[in-house]
Amino acid sequence: MITYNAQAQTFTLHTKNTTYQMAVHPTGVVQHIYYGRRLRDCDLRGLVRGADRGFSPNPDEAGRDRAFSLDMTPQEYSTCGVGDFRLPSIAFALPNGSHTADLRYCGHAIRAEKYTLPGLPAFHGEGGTLVVHLEDRAARVGVDLYYGVLEEYDLITRAVRVVNRGSEEIQLCRCASLCLDFLRADMDFITFDGRHLAERSPARAALLPGVRSVGSVRGASSHQHNPFVVLCEQDADEDRGLCYGAMLLYSGNFEAAVERDQYDGSRLVMGIHPYHFCWTLAPGACFDTPEAALVCSSGGLGEMSRQFHRAIRNCLIRDSRANVRKPVLVNNWEATYFDFNKDKLLSIAKEAAALGVELFVLDDGWFGERNDDNSGLGDWRVNTDKLPGGLEALTPELEKLGLSFGIWVEPEMVSEDSELYRAHPDWAFQVPGRKPSRGRNQLVLDFSRQEVRDHVYGQLKEVLSSAPVAYVKWDMNRNLTEVWSAGLPPRRQGEVFHRYVLGVYEILERLRTDYPDILIEGCCGGGGRFDGGMLYYTPQIWCSDNTDAIYRLQIQYGTSFCYPLCSMGAHVSAVPNEQNGRSAPLETRGITAMSGAFGYELDLSKCTPEEKQEIRRQIETYKRRWELLHCGDYYRLTNPFENGPYTAWEQVSQDKREALVSLVAGGAQAAPPFRLLKLKGLDPARDYRVNGGEAYGGDALMYAGYPLPLMQGDYAGLQLYLEAIE
Ligand code: GLA
């Protein structure tokens, strides 16, 4: 619900459990007043106070009121160069060379529908929009602040549109999607950081004076930091405390910065990274930022995550893709790498089909002269030496086995040893006069250019139209360097990073529109582009190239703070694991993988009869319990980074009639202590039968705990299925 109080000049956004208020100050500055637990309708302007403080300037409109300073007052969208010395949200260079931005309220609109953003991902669904119009009169620049309110999901979205109303070009050098001021700084900042093969480990620290920022200048949201951050009360844990989660729906360079100021206020600013960002706005032109989304939970980090999961499943991932059962897949990458032919693929497929697998995914190496990772990218036509007769000959054989077919592509890339590169060397990013850096011995195509995108898409279309394709894995195996586009003049080179992302989104949208039945899985060397922007186009994303089930417990745990389990590609792979040499039991590998978008990535024809029986059992379990696994409410029961005796998590159905507890023990122990595992989210008044055997009260399971059996061996796994007794 969005309300405007004309007398007080306040705007209030109510969701089911939260309230957000802002007010127009007599100077025209739009102040941020409150965001937190839901309150009755009220005027909270009294929360914000001012005082005459040295070295905090007063704007001209304040007249003799020395207590009002932009440097202290909380704002909806911070400016620069006119008295607020804290983190700016916007900066532009005007024709006269000045770098000041000063924004004042000039109107608003309330709409009954949630806004959309041209060419950019955005949440959808039932909700309203508030647009607060600001303007910089001297610069003749309009800045519209968009607020989307998805009441049922406790989600508030933000986006900004900048319009040049002047008669000369201006340069936009910074334009955040979100600015959120707090009247407090006694909070922790949580970021999700890592590296290739070890993505999204939570890092939590108290706010110190000054700025802490994470981000990416790699052209992708990155393995190293994630465009999702949390600010929370210092004693907040899984079950208690006020937490603010902020996600940016963007897959390129981003920055999330938080500042604790001199008066113990704090400010979070999130948006496109200002590095090499400079957007020319011609007279009349406008710029739209990516969308940011906020959740405020007063029930701890667990509730915050569940709110994001529900909203992402129902209002970001499109076509209900999040709420249908994903086919169980087998992917040939770790089974064969580049060394395959049709017979080898079919022998894996045959075993897979017999075990209950439904989708066969052909990974890297099927196209051009691609026999290792030094060549072939850009030549998207089937290598008929490996696959005689092309996909037209392979897919009917898979169909006979009852398998649908999926294929890997990496459309944004080119190998220098390829026909595409030989024909169009200027289509790859390079700076004139410099040698390009290589990553995995490949270059990045300039997707900011329409002709490049059209050419690549044309090739993809031919492949996808040559056979029934049910799934596409869209990969990106290096970051961007030497970013310079032959398609833009020198003064507009600062647009290329963002235009690249818009180009990727455009092709993904075309793919979705032309092939609505294809399931697209995003990938970037595993989880190097795991963000809300990609999830709008690709309902699932390969979570990490690290397939070790034990390491995955940490990666999937970190990822779960924002993203739902159904979005995390997770496969059972062979042991010893390819990435770290660890051997986890097959049962444990299945338990870890089936909490995500489930599949296998090993040569099933090499499995023993006992292993095959276990795999069959896992697939049956997944097929029976997928709804609980993917659409249930998710509870983190332990933190795998704390090196406790086990890692456990739980999914509970919306009606609380069913729950599934998954547990993976650490290294083997002799004479281990007896342990009780406290469950969460159950109905205390109901009794639950555990694995078809003994029954326990929901209250007893939550407050006293479940007596865990003693477990033998390294990394033993356990699943408990709970069913309420009617
Ligand atoms: C990336 C992906 C892998 C695999 C390889 C193929 O690393 O994350 O899953 O597809 O590329 O080259």
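Just so you know, ligand 1 is whichever comes first in the structure, and atom 1 is the first atom listed for that ligand. Owing to the predicted nature of the structure, the values given are computational and were not obtained by experimental measurement.
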task: For ligand 1, indicate whether the residue N331 contacts it via side chain, backbone, both or neither (heavy-atom separation under 4.0 Å).
output: neither

- prompt: Taking heavy atoms and a distance under 4.0 Å, where does D373 meet ligand 1: side chain, backbone, both or neither?
  reply: neither

statement: Numbered in order shown, the ligand 1 atoms found under 4.0 Å of a heavy atom of C523 are 2 (C), 8 (O)

message: Quick one, W408 with D475, criterion side-chain hydrogen bond (donor to acceptor under 3.5 Å, both in side chains). Give me CA distance, side-chain angles, the key distance, then yes/no.
response: CA-CA 7 Å; W408 177 96; D475 210 341; 2.9 Å; yes

field: Region of E521 engaging ligand 1 - heavy atom pairs below 4.0 Å
entry: neither

task: Assess R510 against Y515: is NZ or CZ under 6.0 Å from the centre of the six-membered ring, and within 45 degrees of the ring's axis?
output: no

message: Can you confirm if the aromatic rings of Y563 and F308 lie within a centre distance of less than 6.0 Å?
response: no

- prompt: Heavy-atom distance to atom 3 (C) of ligand 1: which of N546, N332, D545 wins?
  reply: D545

statement: Closest to atom 6 (C) of ligand 1 (heavy atoms only, candidates L377, D363, V361, T547) is D363

task: Identify, by atom number and element, the atoms of ligand 1 in contact range of W542, meaning under 4.0 Å from any of its heavy atoms.
output: 8 (O), 9 (O)

query: Can you list the ligand 1 atoms lying under 4.0 Å from a non-hydrogen atom of G526?
result: 8 (O)

- request: Output yes when R370 and D364 qualify as a salt bridge under the 4.0 Å nitrogen-oxygen rule, no when they do not.
  value: yes

- prompt: Below 4.0 angstrom, N of the basic side chain to O of the carboxylate: do E419 and R422 qualify?
  reply: no

- request: Output yes when the distance from some N or O of ligand 1 to some N or O of D475 is under 3.5 Å, and no in every other case.
  value: yes

- prompt: Is it true that R512 and D319 have a side-chain N and a carboxylate O under 4.0 angstrom from each other?
  reply: yes

message: For the residue pair Q613 / R616, report whether a side-chain donor-acceptor contact shorter than 3.5 Å exists.
response: no

field: Mode of K473 contact toward ligand 1 - side chain, backbone, both, neither (heavy atoms, under 4.0 Å)
entry: side chain

query: Atoms of ligand 1 less than 4.0 Å from D364 heavy atoms?
result: 6 (C), 12 (O)

